Amino acid sequence: MSPTEATPASSAKATRPPDFMDPSFWLRPHAERAEVFERLRALPGPEFVPPRLPWGPLASGYYALSKHADICEVSRRPQDFSSEGATAILPPEMDEFYGSMINMDNPEHSRLRRIVARSFGRGMAPRFDTMSRQVARRIVDELIERGPGDFIRPAAEMPIAVLSTMMGIPGEDYEFLFERTNTIMGGADPELAADPEKMAAAVLGALRDLGDYIGRLRDDRLARPGTDVITKLVQVQEDGEQLTNQELVSFFILLINAGMETTRNAIAQALVLLTGHPEQRQLLLSDFELHAKGAVEEILRVGTPINWMRRTATGDCEMNGHRFRKGDEIFLFYWSANHDEKVFADPYRFDITRDPNPHLSFGAVGPHFCLGAHLARIEIIAMLRELLASLPDIRVEGEPVRLASTFIEGFKELSCTF
């Protein structure tokens, strides 16, 4: 059985919800995680998780949404469920770096999304595809030259190189971006930061480094405009709108972390899943172009790179028969929704021909559906195409080491052989 596959356990049912904001929960075997969420989905309404932290949005506890239907309903009702602080359970000194559109409501959200969509919208897909194919070919050539071993860096190189090319970031800065995103996303892992105070300081330092970096890029593009995305974002738009320096910093941090982490972990999950399911690998190899899109959707469903987002009730309201009060905190657990037996037949089976596949790995339909979803899909397909064309027998070697994180479903160690 692959490390990302789950089969429900048969042990005694828990009587109290676990601490979903404790990274150790997400390091449990997937069968144990599946059992917890199956119990929650069987309840008539959302489970209330008692408070465990004295500060921030968790100080009064929160509701855990585990059903696909509930998460979809909340996502399509921004007037009742605010996205302010959607990704944040961090101390307030970090708020300035997470003030991006993912943590905003309208009208601010729609304004920023409109500006950014001009550079990342679906109309850019042909350019994204060409760029992704070129980057994937280079990465696989370098992997072949280097030989078997670490697969984390090749997986991470794909989104780093594509996004950097789009933004006019030179190749010598890739390592800087790789290290800073690792620090931010891996900050809760005890092996990476055993001391909580040092961890918080390291994450804050990495955020400031990225903020300073985009500030320098902004000044450079204003003085010497180019054809890259940063130039487009710092220029005054046709309708007179322009990103402020703070908005550019927060968007850059969102793009670098969300864009890179989601794609790199999906690519890593792909290798794990195809290793654990050789019959699905063979099916994909038999006609890559026929099965590629289905394979990517199933990898995203089973792997679910982002575990949750947060919402806050803006007033007293009802959602699928449950009453919320103003100020109630709500967590949307996408991993659970992506394994909801009412939506997905045999939900723990990895099947690249699954159709339909309405997974929520990019969020549910609503104003906050991931703007870069099409870019992520293009990158993953390009990487798999080159990998399997050049190294059809590439597979995981040894046991992957999962990252201790509540937010990211990823790996910190993953080796390949071919």
Side-chain angles (χ1 to χ4, degrees), residues 84-88 90 92-104 107-121 123-124 127-128 131 135 156-185 202-264 368 370-372 375-376 379:
E84 185 174 346
T87 63
L90 299 169
E93 59 265 26
M94 295 187 185
D95 285 352
E96 64 175 296
F97 299 106
Y98 288 98
S100 64
M101 61 185 180
I102 200 173
N103 290 305
M104 290 181 179
E108 292 84 359
H109 169 262
S110 60
R111 170 184 163 269
L112 291 180
R113 189 176 176 106
R114 186 168 58 251
I115 295 173
V116 170
R118 293 161 183 159
S119 298
F120 289 89
M124 297 292 291
R127 183 184 175 195
F128 292 160
M131 194 182 305
V135 170
E157 186 83 9
M158 183 70 192
I160 288 176
V162 171
L163 290 172
S164 294
T165 301
M166 292 167 56
M167 293 185 287
I169 293 174
E172 56 265 27
D173 290 345
Y174 292 0
E175 190 65 28
F176 166 85
L177 298 176
F178 180 72
E179 290 177 353
R180 297 316 184 275
T181 55
N182 279 350
T183 298
I184 294 167
M185 292 300 183
V203 171
L204 188 57
L207 289 167
R208 285 174 174 158
D209 286 347
L210 290 175
D212 292 342
Y213 182 81
I214 190 60
R216 293 193 297 271
L217 282 182
R218 178 179 184 273
D219 292 343
D220 177 74
R221 298 307 192 273
L222 287 173
R224 290 175 291 278
T227 59
D228 56 273
V229 168
I230 298 299
T231 297
K232 293 179 181 179
L233 292 177
V234 301
Q235 290 176 333
V236 177
Q237 307 294 313
E238 292 179 3
D239 51 13
E241 294 182 325
Q242 184 181 26
L243 291 181
T244 67
N245 187 51
Q246 178 57 45
E247 289 168 345
L248 181 64
V249 167
S250 60
F251 173 69
F252 179 73
I253 288 174
L254 168 66
L255 182 64
I256 291 296
N257 286 285
M260 291 185 181
E261 287 296 323
T262 300
T263 305
R264 87 183 225 182
H368 283 275
C370 179
L371 184 62
L375 174 58
E379 290 177 328

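For this chain, numbers begin at 1 and follow the sequence in order. Only heavy atoms go into these numbers, but all of them, side chains included; no hydrogens, no water, no symmetry mates. All figures in this text were calculated on a predicted structure; none of them were measured in a lab.
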(request) Nearest 0.5 Å please: distance from the OG1 atom of Thr183 over to the CG atom of Leu210. (result) 9.5 Å

(request) Decide yes or no for Ile256 and Ile184: does some side-chain heavy atom of the first lie under 4.5 Å from some side-chain heavy atom of the second? (result) no

(request) Would you indicate whether the side-chain heavy atoms of Arg221 and Arg224 approach each other to under 4.5 Å? (result) no

(request) Indicate yes or no: at least one non-hydrogen side-chain atom of Met101 is less than 4.5 angstrom from one of Leu371. (result) yes

(request) Would you mind reporting whether Arg113 and Met104 have side-chain heavy atoms less than 4.5 Å apart? (result) no

(request) Answer yes or no: is there a donor N or O on one side and an acceptor on the other, between the side chain of Ser250 and the main chain of Gln246, under 3.5 Å? (result) yes

(message) Can you tell me how far apart OG1 (Thr263) and CD (Glu379) are? Round to the nearest 0.5 Å.
(response) 4.5 Å

(request) Salt-bridge test for Asp212 and Arg216: reply yes if a basic N is under 4.0 Å from a carboxylate O, no otherwise. (result) no

(request) Walk me through it: do Phe251 and Leu112 pass the test side chain to side chain contact (heavy atoms under 4.5 Å, CB included)? (result) CA-CA 9 Å; Phe251 173 69; Leu112 291 180; over 6 Å; no

(message) If the condition is side-chain contact (heavy atoms from CB on, under 4.5 Å), which residues does Arg111 pass it with, not counting sequence neighbours?
(response) Arg114, Ile115, Glu241, Glu247

(request) Would you mind reporting whether Asn245 and Val234 have side-chain heavy atoms less than 4.5 Å apart? (result) no

(message) Rounded at 0.5 Å granularity, tell me how far CZ in Phe252 sits from CG in Leu243.
(response) 13.5 Å

(message) Taking salt bridge (Lys or Arg N to Asp or Glu O under 4.0 Å) as the definition, give me every residue that meets it alongside Arg180, ordered by chain and number, with sequence neighbours left out.
(response) Asp209

(message) Return the CG to CD1 distance between Asp220 and Ile214, rounded to the nearest 0.5 Å.
(response) 10.5 Å

(request) Enter the distance from Glu108:CD to Ser110:OG here, rounded to the nearest 0.5 Å. (result) 8.0 Å

(message) To the nearest 0.5 Å, what is the distance between CZ on Arg264 and CD on Glu157?
(response) 11.0 Å

Under 3.5 Å, which donor-acceptor pairs do the side chains of residues 158-174 form with other protein atoms, sequence neighbours left out?
unit_1 : atom_1 : unit_2 : atom_2 : d
Ser164 : OG     : Ile160 : O      : 2.7
Thr165 : OG1    : Ala161 : O      : 2.7
Asp173 : OD2    : Tyr213 : OH     : 2.6

